Chemist: 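Got a structure for you, written out below as structure tokens; questions coming shortly.
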Amino acid sequence: MHWGLLINLKKCVGCQACTIACQNENALPSDLKYCKVAKVGPHGRYPNLTSYNITVGCMHCEDAPCVDGCPTGASHHRVDGIVAIDPEKCVGCLFCMLVCPYGVRQLNDEKGVVEKCTMCCERLDEGRVTRCVETCQLQARLVGDLDDPESEIVKQIHKQNAQPLYHHLGTKPSVYYIMP
Amino acid sequence: MEKQQEHWGSLPAWYLFLAAMGTSMFIIVAVTDMLGNQISAQINGWVSLVSFAMSSVGAMLLMLELTHKTKGYLIIARPFASILSFGGVIQSLYIPLVLVYASFFFNFIPWVGLVWLKMIVACLAILTGLLYVSYAGIELGEAKGRAFWNGGGLTCLFLINGAATGMAALILLMIILGYDGQAYTLAIKDLSVALLIAQAITVPGYVLGMRLSSAEEARQGADKLWRGDLSRSFWVGVITLGTVVPVIINLLFSSEYSLSLSSALILFGGIFFRVDFLRAAVRAALPGEERDEPSRKEIVELAATLESRWQEKARWLNRE
Amino acid sequence: MNCGMLATVEDGVVTKLVGDPEHPFNLGAQCPRGASALDHLNHPNRINYPLKQVGKRGAGQFKRVSWKEALDDIAARLAVLKEEYGAETIATTGGTNRTDDFARRRFFNLIGSPNVVHTAPVCWIPNFLTESASYGWAAFDPEIAGARCVVVWGHNPGSSYLPEMRGLLQAKANGTKIIVIDPIYSETASKAELWLPIKPGSDNALALAWLNVIINEGLFDYKFVAEWTVGFDELSDRVQEYTPEWAAEKTGISPELIAESARIYAMSKPACIQWGVATDQLGKGSTASAQARVALRIICGNLDVPGGDVMPGPHPTFVTDWEMELNEMLPEVQRNKQLGSEKFKLNSWPGYKLLTENMLRVWGKSIPAEWFCEANPSRVFRAMATGKPYPVKACIVLANNPLVSYANSKLVYKALKNLDLLVVMEYWMTPSAMLADYVLPVASWLERPVMTTTYGVSDWLIASERAIEPLYERKTDFDFWKELGYRMGQVEYWPWETDEDMFKYRLDPIDLGVDSYEEFVQYYRMHFADREYRKYQTRGGATLSGKIELKISLFEQLGYDPLPHYVERPFSPETKPEIAEQYPMTLVAGGGFMPFFHSEHKEITRIRLLRPYPRVTINPALAEKFKIEEGEWIWIETPTGKVKQTAFISPAVAPDVIQAERGWWFPEKEVTEPSLMGVFDSNINVCVDDDPDTCDELCGSFCSRGIMCRISKVEEDA
Ligand SMILES: Nc1nc2c(c(=O)[nH]1)N[C@H]1C(S)=C(S)[C@@H](COP(=O)(O)OP(=O)(O)OC[C@H]3O[C@@H](n4cnc5c(=O)[nH]c(N)nc54)[C@H](O)[C@@H]3O)O[C@H]1N2
Ligand SMILES: Nc1nc2c(c(=O)[nH]1)N[C@H]1C(S)=C(S)[C@@H](COP(=O)(O)OP(=O)(O)OC[C@H]3O[C@@H](n4cnc5c(=O)[nH]c(N)nc54)[C@H](O)[C@@H]3O)O[C@H]1N2
Ligand code: SF4
Ligand code: SF4
Ligand code: SF4
Ligand code: SF4
Ligand code: SF4
Ligand SMILES: [Mo]
């Protein structure tokens with residue numbers, strides 16, 4: 001069992017519903033975003049243009065610098081591949097923020113602990129999909145088991161040749177992107 | 001994305017600076033003492049105390065940075081897995097060791113005469129001290145995606161600068177203790193000139209190397225120092241005032257005053273060096289990050305303004 | 001968009017809100033606004049009690065009063081005004097389709113005023129009516145899933161209708177070709193096969209040139225045209241002059257690309273044209289451009305076929321909005337007084353009367369008068385401001401923020417200020433509400449039952465229950481009309497106790513054997529009437545000829561050109577040469593964007609933080625020329641007015657075009673006059689002209705796409 005996300009950038013329209021729904025799901029203050037959305041471009045000269053939208057949350061890296069680097073063990077891997085943070089153990093040294101190549105970790109000022117996308121693990125444990133997957137009108141997001149060759153996510157990853165972002169950094173992310 | 005690394009600010013830079021300076025100064029004196037140098041034998045009690053103080057202050061600064069200070073001990077939970085934890089353990093070993101070492105120089109302490117014990121403590125303290133000054137470079141090197149720190153030479157730079165600042169601090173201490181003009185002092189001075197010359201070459205060399213790096217973010221980081229928003233503090237603070245000027249002063253003069261001045265400049269340059277190098281390492285920009293978004297701080301402020309305004313308006317709207 | 005939501009209610013409090021996975025539109029999804037609906041429900045600045053203005057209007061001195069006191073006083077004052085000036089002195093304005101608007105019309109028909117206004121002329125209605133005139137209803141339900149080509153015309157579902165965009169992208173993945181016609185590289189354009197970067201406002205020229213190519217190259221559906229249409233020969237003659245070369249100069253698209261795209265559309269069968277409101281907002285010529293588009297659909301044989309432009313027709317059994325309106329109660333003399341109906345005849349009583357005759361013959365039902373038969377906004381605001389042609393003294397603003405949504409905001413301001421009685425039914429203290437004598441608290445969709453029927457013209461309906469009773473003293477819009485109606489002597493016409501009773505009454509003819517509205521929602525939720533394709537074969541067209549009319553007889557009856565034709569853009573160097581030099585750039589004043597809905601949601605903090613300030617998109621070349629930096633405030637100026645927005649530098653717009661966001665005001669700014677929450681600071685409608693001579697000749701739509709303008713830097717932090 002290894003949870004992963006597949007994000008289809010051919011479909012994402014950058015509406016930020018995932019950002020807001022995630023904030024509501026996790027009762028986050030408005031400046032904290034587990035899932036950020038950005039528009040790339042348009043690049044080029046009018047009218048020869050290209051652009052797409054991208055959403056970035058925790059990549060749940062298999063080789064996670066944040067887990068390796070965390071001095072307290074607060075950042076850890078769950079058996080299902082999710083990178084989680086134990087708020088009891090986090091002392092807020094911010095080293096994980098320094099070493100995460102994707103810049104997805106943020107300090108929750110109220111709680112004094114570092115937070116990031118949890119892959120909605122409670123929801124997954126209950127057999128539901130993540131909130132961001134549920135909320136996406138474009139069905140640009142898919143969550144599933146990367147270990148199961150029969151799962152929809154694995155099939156789609158192969159069919160559409162999805163890749164993680166910046167895999168050259170070698171962190172082995174569990175989030176795949178279908179590039180536009 | 002011309003933003004700077006914003007997670008580790010100046011407190012960690014001070015910590016790195018103090019730790020490297022204090023430890024280097026201790027190592028120099030402890031080693032020369034073991035080699036039989038008279039003067040070091042006379043001063044190393046004070047030096048160890050100063051080093052102890054610096055490391056302790058540094059450690060406290062680090063604790064200050066933690067959001068959960070009471071749980072700070074957790075930092076050393078994973079010494080063999082996390083470099084930061086390892087550093088924490090080393091630091092917690094070094095600090096008491098150097099204090100114990102210091103105790104051998106004060107006559108009222110009962111174990112003063114136990115030379116073998118002093119030797120063991122000295123060796124251990126030097127060993128942990130060496131690890132202590134070196135791990136910081138390795139630690140930063142772990143930050144995948146911040147390629148500016150990933151160069152293998154970073155630890156070297158940190159060591160050179162640490163040693164140079166350690167020597168400067170040592171010289172200042174010796175002046176205070178009235179040891180100026182001694183051959184030992186002058187030797188340290190000459191050594192520091194050599195180190196500074198090395199620094200004058202390696203530090204710009206490192207940045208230049210990073211400017212030619214294949215990683216975009218390493219180039220960006222280097223550019224920030226070379227000609228970007230950190231260039232003033234880099235060229236003026238680190239290179240000119242912190243390196244070149246003290247070399248010139250030390251080569252031309254050797255009075256008590258000139259030495260104090262050059263040492264102060266070296267220390268000053270050392271702080272700039274740490275701050276600049278921490279700041280410069282930007283993260284690999286993700287697609288779409290080229291546009292400037294409002295910073296979290298701006299968002300928090302705006303959110304607070306809006307929310308308080310809504311409350312104000314609520315009172316107006318629901319007035320009887 | 002009307003997505004389905006599931007609310008969790010604990011002890012009368014809504015604690016959770018998620019998309020309904022079984023809803024046919026959103027399949028469980030939400031947009032940012034849906035996701036923060038609880039912030040909307042519980043926001044501290046929602047209006048919770050009836051408020052009466054006790055100081056000068058605009059001074060913000062409100063006093064809480066009881067509903068009874070408010071309604072009694074409003075009814076009494078309306079009665080006095082009606083007595084003195086006639087019923088037509090009472091007007092009402094609305095915005096887009098939001099609430100049970102048949103009740104508004106019922107109330108107005110019963111008091112005898114024809115002066116009901118919506119933003120209808122710039123939203124959906126001109127296209128709808130042109131189609132209705134040509135083939136008897138609008139084919140507004142394109143079957144994208146089965147189409148081989150979809151032309152998305154002046155429409156941006158990627159920002160404005162996400163579920164529709166999902167369908168479009170699914171079709172694309174299955175090989176459907178997508179052509180987007182838009183001057184701006186929109187979200188939708190960025191995902192299309194082919195984007196035609198048209199000059200703002202030149203859609204008419206493009207459509208005519210497509211007709212020219214398709215007819216001259218013989219790419220049309222001969223058989224269909226011969227059997228089911230009238231007017232083809234005249235059309236064919238008419239479009240000869242509109243060659244691709246002619247259109248190239250107007251549209252900025254090369255003749256080759258015009259011809260090529262026309263061929264793709266004509267040769268991919270079936271195909272749909274999915275038009276958006278940009279095509280309603282071209283001002284003068286909007287309907288003419290709709291006419292040309294309608295002809296394209298027809299001659300290519302895409303009308304009412306699977307995978308084409310499908311025409312729903314009215315729901316056969318459900319009691320539709322039209323049946324609820326009591327239009328027959330409005331006397332002929334009052335109909336004739338409808339402001340603007342002498343000039344803009346298609347969407348007012350003259351056209352509506354003819355359309356209804358046609359529709360009754362074929363469908364047995366007509367389209368609602370609400371939206372489709374209205375007074376002209378520009379005329380109504382002028383009458384309020386000047387008393388000409390007759391005084392309009394009272395206005396009920398409901399589900400609308402007229403100071404922001406209608407063109408020429410300063411005139412709207414003058415108009416509203418000049419009223420004897422202004423009542424606003426709102427969620428929020430909007431700038432428009434600030435000017436009211438009474439601001440009344442309305443219940444939102446979580447606090448009332450909702451029945452969706454798309455302006456009352458769909459052949460399906462989707463129903464939902466209220467999650468909770470209205471909080472505080474909020475009331476439903478229906479309740480408001482009903483209770484005001486009681487006080488105006490309409491007791492017998494409002495026989496329903498609750499909203500639910502009324503909906504139950506409307507559902508009864510479907511005969512599903514449910515005992516209550518709640519039961520319907522529980523067991524059925526929705527009802528889709530059976531659909532047949534090619535209804536022109538079985539039922540005939542709801543037109544004078546009974547056929548599909550390329551030459552629209554209804555237009556002829558009203559005195560308009562029955563064939564597609566070219567109309568020069570209302571604001572262009574050709575039509576206004578005297579100001580061409582001073583206003584060298586072209587302004588697109590609109591286009592929906594996430595996360596806002598028109599002027600709404602500015603006070604939902606989480607949403608606002610996604611877009612704290614208004615943005616005007618400018619090309620990098622223009623930015624360079626004016627030395628403008630990203631995020632800098634800049635002035636946008638037209639002969640009508642001047643506002644500022646922050647620069648967003650992007651090549652998505654052409655170098656001589658700027659696109660300004662619509663709908664801006666700042667609930668956090670000073671509430672009282674003259675600021676009125678900054679309603680004149682960044683609201684682009686301050687710059688948009690509504691001079692009736694620049695409006696569409698048939699529907700009176702103002703032009704928001706393609707206005708002559710100029711920009712300059714805002715010098716200091718003004
Ligand atoms: N320049 C320019 N002008 C435009 C446009 C453009 O693109 N450019 N677009 C036009 C279009 S397409 C439209 S539809 C209009 C939109 O015009 P409006 O519909 O007026 O726009 P909104 O800002 O949504 O205003 C609706 C108001 O009604 C309130 N409201 C919402 N729901 C309800 C309800 O159920 N009951 C009651 N009583 N109140 C409610 C909201 O709080 C809000 O203040 O603007 C038009 N104006
Ligand atoms: N997020 C969001 N969604 C909304 C709304 C909202 O306010 N916000 N409003 C709702 C309402 S009431 C409506 S009516 C719909 C409207 O939704 P749409 O029909 O999509 O209309 P707009 O978004 O106003 O404009 C569509 C496109 O027209 C383009 N355009 C501008 N000028 C021209 C022109 O001259 N010719 C052509 N061909 N294209 C042009 C714009 O660049 C834009 O991409 O959206 C609805 N959905
Ligand atoms: S909700 Fe879906 S379409 Fe919207 S930004 Fe997120 S991933 Fe993209
Ligand atoms: S993306 Fe960052 S936070 Fe997430 S697992 Fe990878 S390194 Fe850790
Ligand atoms: S901030 Fe918390 S989670 Fe991050 S490295 Fe430090 S202790 Fe671990
Ligand atoms: S998986 Fe859950 S926590 Fe992560 S971004 Fe999506 S909604 Fe947020
Ligand atoms: S605001 Fe519109 S699109 Fe968004 S969730 Fe609600 S109904 Fe759907
Ligand atoms: Mo609209």
Side-chain angles (χ1 to χ4, degrees), chain B residues 1-7 9 67 145 148 216-217 219-233 279-320, chain C residues 39-40 42-55 59-66 426-430 433-434 439 441 471-473 601-613 615 617 629-632 646-650 652 666-672 677-678:
Chain B
M1 254 269 302
E2 264 293 293
K3 289 179 201 128
Q4 60 195 23
Q5 184 284 110
E6 53 198 10
H7 307 313
T67 53
F148 180 72
E216 163 73 24
E217 63 277 13
R219 290 201 298 275
Q220 277 179 8
D223 266 350
K224 291 169 94 56
L225 297 174
W226 200 263
R227 54 172 194 199
D229 50 355
L230 297 176
S231 65
R232 216 149 12 122
S233 83
R279 287 260 157 93
V282 289
R283 174 173 55 75
L286 298 171
E289 279 186 335
E290 68 251 19
R291 272 206 194 269
D292 267 332
E293 287 230 343
S295 70
R296 269 189 77 192
K297 191 162 155 276
E298 285 167 318
I299 291 184
V300 174
E301 278 166 12
L302 185 59
T305 319
L306 290 177
E307 288 293 338
S308 75
R309 181 69 180 133
W310 306 153
Q311 293 307 331
E312 221 176 283
K313 279 181 78 178
R315 286 192 291 279
W316 162 66
L317 278 172
N318 294 321
R319 186 172 58 181
E320 286 289 313
Chain C
D39 293 351
H40 188 280
N42 301 317
H43 197 287
N45 291 359
R46 276 282 296 269
I47 310 264
N48 296 327
Y49 307 99
L51 300 175
K52 178 179 181 168
Q53 182 95 247
V54 290
Q61 283 159 307
F62 289 99
K63 182 180 138 217
R64 189 172 146 184
V65 293
S66 70
E426 254 296 350
Y427 298 136
W428 311 100
M429 186 59 74
T430 61
M434 274 298 291
V439 183
L471 300 172
Y472 309 97
E473 289 182 18
H601 303 100
K602 306 283 185 288
E603 49 290 84
I604 314 283
T605 311
R606 226 179 258 291
I607 291 200
R608 180 64 184 283
L609 292 172
L610 296 178
R611 183 64 62 85
Y613 307 109
R615 278 191 343 198
T617 310
E629 282 180 39
E630 179 87 14
E632 208 178 323
T646 64
F648 180 73
I649 301 171
S650 161
F666 305 89
E668 69 277 16
K669 286 196 185 173
E670 178 62 51
V671 289
T672 52
M677 296 173 259

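Per chain, numbering begins at 1; letters A, B, ... match sequence-line order. Computed from a prediction, not measured in an experiment: that's the story for all the values here.
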Chemist: Please report the closest heavy-atom contact between B:A303 and C:L609, naming both atoms and the distance.
Modeler: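 Smallest heavy-atom distance, with atoms named: CB-CD1, 3.8 Å.
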
Chemist: Within a radius of less than 6.0 Å around CD of C:E629, do more than 12 heavy atoms belonging to other residues, nucleotides or ligands occur?
Modeler: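 Count not over threshold, so no.
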
Chemist: Do C:W428 and B:K313 have side chains that approach each other closer than 4.5 Å (heavy atoms only, starting at C-beta)?
Modeler: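 No; the side chains remain at least 4.5 Å from each other.
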
Chemist: Please find the pair of heavy atoms, one from C:N45 and one from B:A314, that lie closest to each other, and give the distance.
Modeler: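 It is OD1-N, 3.4 Å.
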
Chemist: Looking only at heavy atoms, which two atoms of B:R291 and C:I649 are closest? And how far apart?
Modeler: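 For B:R291 and C:I649, the tightest heavy-atom pair comes out as NH2-O, 2.6 Å.
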
Chemist: Identify the heavy atoms of C:L51 and B:L317 that sit nearest to each other, and give their distance.
Modeler: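 Nearest heavy atoms, C:L51 then B:L317: CD2-O, 3.9 Å.
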
Chemist: Between C:P44 and B:Q311, is any pair of side-chain heavy atoms under 4.5 Å apart?
Modeler: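 Yes; the side chains approach each other to less than 4.5 Å.
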
Chemist: So does C:G60 get a backbone contact from the side chain of B:W316, meaning a donor-acceptor N/O pair under 3.5 Å?
Modeler: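 Yes, because the side chain of B:W316 sits within donor-acceptor range (under 3.5 Å) of the backbone of C:G60.
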
Chemist: Side chain from CB out, backbone as N, CA, C, O: work out which of these in C:R606 comes under 4.5 Å of a heavy atom of chain B, or both, or neither.
Modeler: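 For C:R606, there is no contact with chain B at all, as no heavy atom is under 4.5 Å.
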
Chemist: Just so I understand: if I count every heavy-atom pair under 4.5 Å between each of C:E668, C:E630, C:H43, C:M429 and chain B, which residue has the most?
Modeler: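 Maximum pair count with chain B is reached by C:E668.
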
Chemist: By a 4.5 Å heavy-atom criterion (distance strictly below it), what part of C:F666 contacts chain B: side chain, backbone, both, or neither?
Modeler: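 When you check distances to chain B, no heavy atom of C:F666 falls under 4.5 Å.
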
Chemist: Less than 4.5 Å to any heavy atom of chain B: does that hold for the side chain of C:V671, its backbone, both, or neither?
Modeler: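 When you check distances to chain B, atoms from both the backbone and side chain of C:V671 fall under 4.5 Å.
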
Chemist: Might you point out which heavy atoms bring C:E603 and B:W310 nearest each other, and give the distance in Å?
Modeler: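 So the two residues come closest at O-NE1, 3.3 Å.
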
Chemist: Which region of B:I299, side chain (C-beta onward) or backbone (N, CA, C, O), has a non-hydrogen atom less than 4.5 Å from a non-hydrogen atom of chain C, or is it both or neither?
Modeler: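 Interface part for B:I299: both.
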
